[in-house]
Enquirer: 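Input: one structure, supplied below.
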Amino acid sequence: MDAIAPLLETVEHETAPSPTWTVLWLHGLGADGNDFAPIVPELVRRDWPALRFVFPHAPVRPVTINNGMRMRAWYDIISFDFDALAAGKRADEAGVAESVAQVEALIAREGARGIPPERIVLIGFSQGGAIALASALGREVPLAGVAGLSTYLPLGQQQAAAKLRPAALSQPVFMAHGQFDPVVPAVIGQLGAATMKDLGFALEWHDYPMAHQVCAEEIQALGDWLGHRFAG
(Lines give C-alpha, C1' and ligand atoms only; values in the text may rest on other atoms or scores of the structure.)
Protein backbone atom coordinates (compact mmCIF):
# COMPACT_ATOMS: atom_id res chain seq x y z
CA MET A 1 0.00 0.00 0.00
CA ASP A 2 1.26 3.50 -0.83
CA ALA A 3 2.30 5.68 2.09
CA ILE A 4 -0.31 8.23 3.14
CA ALA A 5 0.63 11.79 2.20
CA PRO A 6 1.19 14.31 5.01
CA LEU A 7 -1.95 16.16 6.05
CA LEU A 8 -2.51 19.64 4.73
CA GLU A 9 -3.52 22.47 7.03
CA THR A 10 -7.26 23.12 6.86
CA VAL A 11 -9.99 25.59 7.76
CA GLU A 12 -13.01 23.75 9.17
CA HIS A 13 -16.62 24.62 9.91
CA GLU A 14 -19.26 22.32 11.41
CA THR A 15 -22.90 23.19 10.83
CA ALA A 16 -23.99 21.30 13.97
CA PRO A 17 -22.40 19.09 16.64
CA SER A 18 -21.36 15.54 15.73
CA PRO A 19 -21.34 15.89 11.93
CA THR A 20 -22.26 12.80 9.95
CA TRP A 21 -21.14 14.07 6.52
CA THR A 22 -18.08 15.92 5.24
CA VAL A 23 -17.77 18.37 2.36
CA LEU A 24 -14.13 18.66 1.33
CA TRP A 25 -13.67 21.84 -0.75
CA LEU A 26 -10.50 22.69 -2.72
CA HIS A 27 -9.70 26.32 -3.59
CA GLY A 28 -8.29 27.75 -6.80
CA LEU A 29 -4.78 28.82 -7.79
CA GLY A 30 -3.26 31.46 -5.52
CA ALA A 31 -6.12 31.39 -2.99
CA ASP A 32 -6.26 29.39 0.24
CA GLY A 33 -8.72 27.44 2.36
CA ASN A 34 -10.41 30.61 3.57
CA ASP A 35 -11.60 31.45 0.07
CA PHE A 36 -14.85 29.49 0.05
CA ALA A 37 -15.52 29.29 3.80
CA PRO A 38 -17.90 32.30 3.63
CA ILE A 39 -20.14 30.40 1.19
CA VAL A 40 -21.28 27.93 3.85
CA PRO A 41 -24.23 29.97 5.22
CA GLU A 42 -25.44 30.68 1.68
CA LEU A 43 -25.25 27.03 0.67
CA VAL A 44 -26.46 25.08 3.72
CA ARG A 45 -30.16 24.21 4.07
CA ARG A 46 -32.15 23.56 7.19
CA ASP A 47 -33.10 19.98 6.38
CA TRP A 48 -29.51 18.85 5.75
CA PRO A 49 -27.67 16.58 8.18
CA ALA A 50 -24.88 17.95 10.38
CA LEU A 51 -21.93 18.68 8.09
CA ARG A 52 -18.23 19.24 8.52
CA PHE A 53 -16.81 21.53 5.84
CA VAL A 54 -13.06 21.04 5.36
CA PHE A 55 -11.19 23.67 3.32
CA PRO A 56 -7.52 22.67 2.92
CA HIS A 57 -4.68 25.04 2.01
CA ALA A 58 -2.77 23.89 -1.09
CA PRO A 59 1.02 23.71 -0.75
CA VAL A 60 3.10 26.74 -1.77
CA ARG A 61 5.06 26.05 -4.95
CA PRO A 62 6.49 27.92 -7.97
CA VAL A 63 4.04 28.27 -10.87
CA THR A 64 5.63 28.37 -14.32
CA ILE A 65 2.94 30.47 -16.06
CA ASN A 66 3.33 33.11 -13.31
CA ASN A 67 7.07 33.50 -13.95
CA GLY A 68 7.90 30.92 -11.30
CA MET A 69 6.28 32.96 -8.53
CA ARG A 70 5.62 30.89 -5.41
CA MET A 71 1.97 30.66 -4.41
CA ARG A 72 -0.57 28.17 -3.16
CA ALA A 73 -1.14 25.77 -6.01
CA TRP A 74 -2.31 22.19 -6.35
CA TYR A 75 0.20 21.65 -9.17
CA ASP A 76 2.42 23.66 -11.48
CA ILE A 77 0.77 24.97 -14.65
CA ILE A 78 3.32 24.64 -17.39
CA SER A 79 1.50 26.31 -20.28
CA PHE A 80 -1.39 28.70 -20.95
CA ASP A 81 -2.24 26.53 -23.95
CA PHE A 82 -5.29 24.38 -23.30
CA ASP A 83 -4.54 22.51 -26.53
CA ALA A 84 -1.73 20.88 -24.54
CA LEU A 85 -4.34 19.18 -22.34
CA ALA A 86 -4.94 16.33 -24.76
CA ALA A 87 -1.25 15.47 -24.64
CA GLY A 88 -1.16 15.86 -20.87
CA LYS A 89 1.42 18.64 -21.15
CA ARG A 90 -0.39 21.59 -19.57
CA ALA A 91 -0.43 20.41 -15.96
CA ASP A 92 2.47 19.06 -13.94
CA GLU A 93 1.42 15.39 -13.79
CA ALA A 94 3.55 14.64 -10.72
CA GLY A 95 2.01 17.63 -8.93
CA VAL A 96 -1.50 16.45 -9.80
CA ALA A 97 -0.69 12.99 -8.42
CA GLU A 98 0.77 14.53 -5.26
CA SER A 99 -2.33 16.63 -4.63
CA VAL A 100 -4.63 13.66 -5.31
CA ALA A 101 -2.66 11.75 -2.64
CA GLN A 102 -3.09 14.67 -0.23
CA VAL A 103 -6.84 14.62 -0.86
CA GLU A 104 -6.82 10.88 -0.17
CA ALA A 105 -5.06 11.56 3.15
CA LEU A 106 -7.78 14.02 4.13
CA ILE A 107 -10.47 11.51 3.16
CA ALA A 108 -8.70 8.90 5.31
CA ARG A 109 -8.66 11.33 8.24
CA GLU A 110 -12.41 11.80 7.91
CA GLY A 111 -12.76 8.03 8.07
CA ALA A 112 -10.77 8.04 11.30
CA ARG A 113 -13.16 10.72 12.59
CA GLY A 114 -16.15 8.50 11.83
CA ILE A 115 -17.19 9.71 8.37
CA PRO A 116 -16.69 7.07 5.65
CA PRO A 117 -16.13 7.87 1.96
CA GLU A 118 -19.78 7.26 1.08
CA ARG A 119 -20.66 10.29 3.24
CA ILE A 120 -17.98 12.58 1.82
CA VAL A 121 -18.52 15.02 -1.05
CA LEU A 122 -15.45 16.46 -2.81
CA ILE A 123 -15.82 19.91 -4.39
CA GLY A 124 -13.24 22.09 -6.10
CA PHE A 125 -13.08 25.44 -7.86
CA SER A 126 -10.80 26.05 -10.85
CA GLN A 127 -7.45 24.34 -10.15
CA GLY A 128 -9.00 22.73 -7.06
CA GLY A 129 -11.79 21.43 -9.26
CA ALA A 130 -9.22 19.86 -11.57
CA ILE A 131 -7.86 17.93 -8.58
CA ALA A 132 -11.39 16.94 -7.55
CA LEU A 133 -12.08 15.48 -11.00
CA ALA A 134 -8.69 13.75 -11.14
CA SER A 135 -9.32 12.31 -7.67
CA ALA A 136 -12.68 10.94 -8.75
CA LEU A 137 -11.11 8.75 -11.46
CA GLY A 138 -9.03 6.55 -9.21
CA ARG A 139 -11.39 6.01 -6.29
CA GLU A 140 -11.51 2.36 -5.26
CA VAL A 141 -14.13 3.23 -2.64
CA PRO A 142 -16.59 5.74 -4.14
CA LEU A 143 -17.37 9.09 -2.58
CA ALA A 144 -20.95 10.38 -2.25
CA GLY A 145 -20.26 12.78 -5.11
CA VAL A 146 -17.71 15.04 -6.78
CA ALA A 147 -18.25 18.61 -8.01
CA GLY A 148 -16.02 20.75 -10.22
CA LEU A 149 -16.74 24.47 -10.58
CA SER A 150 -15.19 26.58 -13.38
CA THR A 151 -12.69 23.84 -14.00
CA TYR A 152 -11.37 21.22 -16.39
CA LEU A 153 -10.05 17.67 -16.39
CA PRO A 154 -6.25 18.06 -16.08
CA LEU A 155 -5.57 14.79 -17.91
CA GLY A 156 -5.99 13.82 -21.54
CA GLN A 157 -8.68 11.26 -22.34
CA GLN A 158 -6.22 8.36 -22.61
CA GLN A 159 -4.58 9.26 -19.29
CA ALA A 160 -7.97 9.59 -17.63
CA ALA A 161 -9.10 6.22 -18.97
CA ALA A 162 -5.90 4.60 -17.71
CA LYS A 163 -6.45 5.94 -14.18
CA LEU A 164 -10.15 5.06 -14.05
CA ARG A 165 -11.27 2.41 -11.55
CA PRO A 166 -14.60 0.65 -12.16
CA ALA A 167 -15.95 1.50 -8.70
CA ALA A 168 -15.36 5.21 -9.37
CA LEU A 169 -18.17 5.31 -11.93
CA SER A 170 -20.85 5.12 -9.22
CA GLN A 171 -19.87 8.64 -8.10
CA PRO A 172 -22.27 11.33 -9.41
CA VAL A 173 -20.49 14.38 -10.80
CA PHE A 174 -21.66 18.01 -10.85
CA MET A 175 -19.95 20.57 -13.09
CA ALA A 176 -20.75 24.26 -13.56
CA HIS A 177 -19.01 26.94 -15.61
CA GLY A 178 -19.17 30.57 -16.66
CA GLN A 179 -20.07 31.12 -20.30
CA PHE A 180 -17.66 34.07 -20.44
CA ASP A 181 -14.82 32.59 -18.37
CA PRO A 182 -11.55 34.20 -19.56
CA VAL A 183 -9.36 31.92 -17.39
CA VAL A 184 -10.77 28.48 -18.18
CA PRO A 185 -12.83 28.85 -21.37
CA ALA A 186 -16.25 27.22 -21.18
CA VAL A 187 -15.39 24.91 -24.09
CA ILE A 188 -12.55 23.45 -22.00
CA GLY A 189 -14.93 22.73 -19.14
CA GLN A 190 -17.35 21.15 -21.60
CA LEU A 191 -14.55 19.01 -23.00
CA GLY A 192 -13.76 17.70 -19.51
CA ALA A 193 -17.44 17.02 -18.87
CA ALA A 194 -17.73 15.14 -22.17
CA THR A 195 -14.70 13.03 -21.27
CA MET A 196 -16.16 12.17 -17.87
CA LYS A 197 -19.46 11.22 -19.53
CA ASP A 198 -17.67 9.14 -22.16
CA LEU A 199 -15.88 7.28 -19.37
CA GLY A 200 -19.27 6.43 -17.87
CA PHE A 201 -19.87 8.99 -15.09
CA ALA A 202 -23.39 10.28 -14.45
CA LEU A 203 -22.72 14.00 -14.83
CA GLU A 204 -24.91 17.06 -14.31
CA TRP A 205 -23.76 20.16 -16.25
CA HIS A 206 -24.73 23.81 -15.72
CA ASP A 207 -23.44 27.02 -17.26
CA TYR A 208 -24.18 30.64 -16.42
CA PRO A 209 -23.62 34.10 -17.98
CA MET A 210 -20.61 34.89 -15.78
CA ALA A 211 -16.81 34.98 -15.85
CA HIS A 212 -14.39 32.93 -13.66
CA GLN A 213 -16.47 33.04 -10.49
CA VAL A 214 -19.53 31.57 -8.78
CA CYS A 215 -23.04 33.01 -8.79
CA ALA A 216 -26.20 32.67 -6.72
CA GLU A 217 -27.94 30.49 -9.30
CA GLU A 218 -24.97 28.13 -9.35
CA ILE A 219 -24.97 27.85 -5.56
CA GLN A 220 -28.69 27.08 -5.71
CA ALA A 221 -28.12 24.31 -8.25
CA LEU A 222 -25.18 22.92 -6.28
CA GLY A 223 -27.35 22.95 -3.15
CA ASP A 224 -30.08 21.02 -4.96
CA TRP A 225 -27.52 18.44 -6.12
CA LEU A 226 -26.01 18.14 -2.63
CA GLY A 227 -29.47 17.72 -1.13
CA HIS A 228 -29.99 14.63 -3.31
CA ARG A 229 -26.68 13.22 -2.10
CA PHE A 230 -27.55 13.75 1.56
CA ALA A 231 -30.99 12.19 1.09
CA GLY A 232 -29.62 9.08 -0.59
Side-chain angles (χ1 to χ4, degrees), residues 8 10-15 19-29 31-45 48-58 72 74-75 96 99-100 102-107 109-110 115 117-139 142-154 168 171-178 181 184 189 192-193 196 201-208 210 212-232:
L8 298 172
T10 60
V11 174
E12 298 191 7
H13 176 81
E14 295 182 359
T15 62
T20 56
W21 287 75
T22 292
V23 177
L24 177 57
W25 198 312
L26 311 180
H27 63 76
L29 177 67
D32 66 17
N34 294 292
D35 198 33
F36 279 94
I39 214 167
V40 172
E42 184 181 350
L43 179 66
V44 172
R45 301 182 182 178
W48 285 3
L51 306 175
R52 176 184 296 125
F53 282 84
V54 178
F55 301 97
H57 301 308
R72 293 200 181 275
W74 296 105
Y75 51 86
V96 171
S99 286
V100 168
Q102 289 169 325
V103 168
E104 290 295 322
L106 290 168
I107 291 169
R109 183 180 68 169
E110 291 309 296
I115 301 181
E118 61 266 25
R119 293 207 303 271
I120 297 174
V121 178
L122 176 61
I123 302 175
F125 175 79
S126 194
Q127 199 191 42
I131 293 300
L133 296 180
S135 297
L137 296 170
R139 289 293 306 168
L143 301 176
V146 177
L149 312 178
S150 300
T151 194
Y152 62 97
L153 188 64
Q171 300 168 119
V173 178
F174 176 99
M175 290 184 70
H177 215 103
D181 191 330
V184 181
M196 298 291 281
F201 286 93
L203 187 142
E204 181 175 323
W205 171 266
H206 297 264
D207 56 27
Y208 302 95
M210 63 179 185
H212 194 63
Q213 61 194 99
V214 296
C215 65
E217 294 83 1
E218 179 183 16
I219 297 306
Q220 176 72 32
L222 178 61
D224 292 344
W225 181 83
L226 285 170
H228 289 301
R229 312 286 76 79
F230 300 145

Enquirer: Going from CD1 on Ile131 to OG on Ser99, what distance comes out if it is rounded to the nearest 0.5 angstrom?
Expert: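 Atom-to-atom, Ile131:CD1 and Ser99:OG are 4.5 Å apart.
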Enquirer: Is there a donor-acceptor contact under 3.5 Å linking the side chains of His57 and Thr10?
Expert: no
Enquirer: Is a side-chain N or O of Gln171 found less than 3.5 angstrom from the main chain of Ala168, in a donor-acceptor match?
Expert: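 Side chain of Gln171 to backbone of Ala168: a pair is present.
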Enquirer: Just wondering, do His206 and Glu217 contact through their side chains at under 4.5 Å, heavy atoms?
Expert: no
Enquirer: For residues Trp25 and Val40, determine if any side-chain heavy atom of one lies less than 4.5 Å from a side-chain heavy atom of the other.
Expert: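 Contact flag for Trp25/Val40 side chains = no.
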Enquirer: Salt bridge check: are Glu12 and Arg109 linked by an N-O gap of less than 4.0 Å?
Expert: yes
Enquirer: As an exercise, state the distance from CG of Leu8 to CG of Asp32, rounded to the nearest 0.5 Å.
Expert: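 Answer for the CG-CG pair, Leu8 versus Asp32, is 12.0 Å.
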Enquirer: Please name the pair of heavy atoms, one in Gly192 and one in Leu153, separated by the smallest distance, quoted to 0.1 Å.
Expert: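 Smallest heavy-atom distance, with atoms named: CA-CB, 4.0 Å.
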Enquirer: How many angstroms lie between CD1 in Ile120 and CZ in Arg229, if you round to the nearest 0.5 Å?
Expert: 15.5 Å
Enquirer: What's the separation between atom CG in Leu106 and atom CG in Leu122, rounded to the nearest 0.5 Å?
Expert: 9.5 Å
Enquirer: May I ask you to check whether His228 and Phe174 place their ring centres under 6.0 Å from each other?
Expert: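 Phe174 vs His228: aromatic centres not under 6.0 Å.
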Enquirer: I'd like to know if the side chain of His27 reaches the main chain of Ala58, judged simply by a donor and an acceptor atom lying under 3.5 Å from each other, with no hydrogens or angles considered.
Expert: yes
Enquirer: Please give me the minimum heavy-atom distance between Leu222 and Leu149, naming the atom from each residue.
Expert: CD2-CD1, 4.4 Å
Enquirer: If you apply the rule side chain to side chain contact (heavy atoms under 4.5 Å, CB included), what do you find for Gln213 with Ser150, and how did you get there?
Expert: CA-CA 7 Å; Gln213 61 194 99; Ser150 300; over 6 Å; no
Enquirer: Side-chain contact test, heavy atoms from C-beta onward, threshold under 4.5 Å: evaluate it for Thr151 versus Val184 and give yes or no.
Expert: no
Enquirer: At what distance, to the nearest 0.5 angstrom, does CD of Glu118 lie from CG of Leu143?
Expert: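 Reported value, rounded in 0.5 Å steps: 9.5 Å.
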Enquirer: Taking it one step at a time, do Asp224 and Arg45 satisfy side chain to side chain contact (heavy atoms under 4.5 Å, CB included)?
Expert: CA-CA 10 Å; Asp224 292 344; Arg45 301 182 182 178; 2.7 Å; yes
Enquirer: Can you tell me how far CH2 of Trp21 sits from OG1 of Thr15, rounded to the nearest 0.5 angstrom?
Expert: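 Here the interatomic distance stands at 12.5 Å.
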Enquirer: Any chance the side chains of Asp207 and His177 put a donor and an acceptor closer than 3.5 Å?
Expert: no
Enquirer: Take Leu137 and Met196 through the test side chain to side chain contact (heavy atoms under 4.5 Å, CB included) and record every step on the way to the result.
Expert: CA-CA 9 Å; Leu137 296 170; Met196 298 291 281; 4.1 Å; yes
Enquirer: Do Val173 and Glu204 come within less than 4.5 Å of each other through their side chains, counting heavy atoms only?
Expert: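 No; the side chains remain at least 4.5 Å from each other.
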Enquirer: Regarding Arg52 and Glu110, does a basic nitrogen lie under 4.0 Å from an acidic carboxylate oxygen?
Expert: yes
Enquirer: Is there side-chain contact between Pro19 and Leu51, with at least one heavy-atom pair below 4.5 Å?
Expert: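 When only atoms from C-beta onward are counted, Leu51 and Pro19 do not touch, as no gap falls below 4.5 Å.
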Enquirer: If I compare all heavy atoms of Trp225 with all of Ala147, which pair ends up nearest, and what's the gap?
Expert: CZ3-CB, 4.1 Å
Enquirer: Could you go step by step and tell me if Leu133 and Phe201 meet the side chain to side chain contact (heavy atoms under 4.5 Å, CB included) rule?
Expert: CA-CA 11 Å; Leu133 296 180; Phe201 286 93; over 6 Å; no
Enquirer: Before we go on, tell me: are the rings of Phe36 and Phe125 under 6.0 Å apart, centre to centre?
Expert: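 They qualify: ring centres under 6.0 Å apart.
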